[in-house]
Amino acid sequence: MTDQNDGLPQRLARPQLLTELTQDQTVAALLRLAMEISVLRDRVRTQEQLLVEHGVIGADEIDAYAPDADEQALRLRSKTDLIERLISDLSE
């Protein structure tokens with residue numbers, strides 16, 4: 001969640017009993033991250049390759065891209081959602 005006044009994420013609640021995590025909870029959180037990373041890497045590589053192959057954009061332009069404020073806010077919300085899901089996994 002973001003605070004509408006400044007665009008920064010709201011402070012998330014810390015998981016309770018973090019020191020008493022079970023191995024299952026820890027593994028679930030790690031697997032969620034690994035799956036997210038794997039899917040995202042594949043999708044990004046596919047999109048970049050298609051854009052370059054079709055001459056839409058050069059590989060150097062991808063590296064030089066800087067998102068605008070709306071895109072930054074969207075990315076921040078996405079990151080916050082992922083963190084909330086991870087905290088949920090660790091708190092169950």
Side-chain angles (χ1 to χ4, degrees):
M1 294 183 179
T2 60
D3 185 322
Q4 293 180 354
N5 295 331
D6 58 16
L8 298 174
Q10 293 178 359
R11 191 158 187 87
L12 299 175
R14 288 205 175 267
Q16 294 181 347
L17 306 173
L18 188 58
T19 58
E20 297 180 19
L21 291 176
T22 67
Q23 287 181 341
D24 289 343
Q25 290 170 310
T26 303
V27 169
L30 290 172
L31 288 176
R32 179 187 298 275
L33 286 172
M35 289 184 294
E36 291 275 349
I37 290 168
S38 177
V39 168
L40 292 173
R41 282 183 177 174
D42 287 348
R43 291 180 64 87
V44 167
R45 286 181 181 146
T46 298
Q47 292 172 5
E48 288 178 355
Q49 188 64 33
L50 288 170
L51 289 169
V52 171
E53 282 180 12
H54 291 278
V56 174
I57 193 169
D60 56 332
E61 292 175 89
I62 293 169
D63 293 331
Y65 174 74
D68 62 18
D70 288 339
E71 178 62 21
Q72 287 178 349
L74 180 64
R75 291 177 184 198
L76 181 59
R77 280 192 300 275
S78 179
K79 289 174 189 176
T80 301
D81 290 345
L82 176 59
I83 291 168
E84 287 174 343
R85 290 193 316 267
L86 287 168
I87 288 173
S88 175
D89 287 343
L90 295 172
S91 299
E92 293 176 349

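Just the heavy atoms: all of them, side chains too, but no hydrogens, waters or symmetry mates, feed the values below.
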| field | Cluster companions of Leu74 among Ile, Leu, Val, Met, Phe, Trp, Tyr (side-chain spacing under 4.5 Å) | value | none
| Partners meeting side chain to side chain contact (heavy atoms under 4.5 Å, CB included) with Asp60 (sequence neighbours left out) | none
| Listed by chain and number, what are the side chain to side chain donor-acceptor pair (under 3.5 Å) partners of Ser78, not counting sequence neighbours? | none
| request: Kindly give the cluster partners of Val44, where membership spreads through any ILVMFWY side chain lying under 4.5 Å from a current member. | output: none
| Pairwise salt bridge (Lys or Arg N to Asp or Glu O under 4.0 Å) hits with a residue in residues 64-74, at least two apart | Glu71-Arg75
Side chains of residues 33-41: which donor-acceptor partners sit under 3.5 Å, not counting sequence neighbours?
| unit_1 | atom_1 | unit_2 | atom_2 | d |
| --- | --- | --- | --- | --- |
| Glu36 | OE2 | Arg85 | NH2 | 2.8 |

| message | Tell me every residue that passes side chain to side chain contact (heavy atoms under 4.5 Å, CB included) with Val52, counting only those two or more places apart in sequence or in another chain. | response | Ala59, Ile62
| side chain to side chain donor-acceptor pair (under 3.5 Å): pairs with one or both residues in residues 44-58, sequence neighbours excluded | Gln49-Glu53
| Partners of Glu61 by salt bridge (charged side-chain N to carboxylate O under 4.0 Å, His left out), sequence neighbours excluded? | none
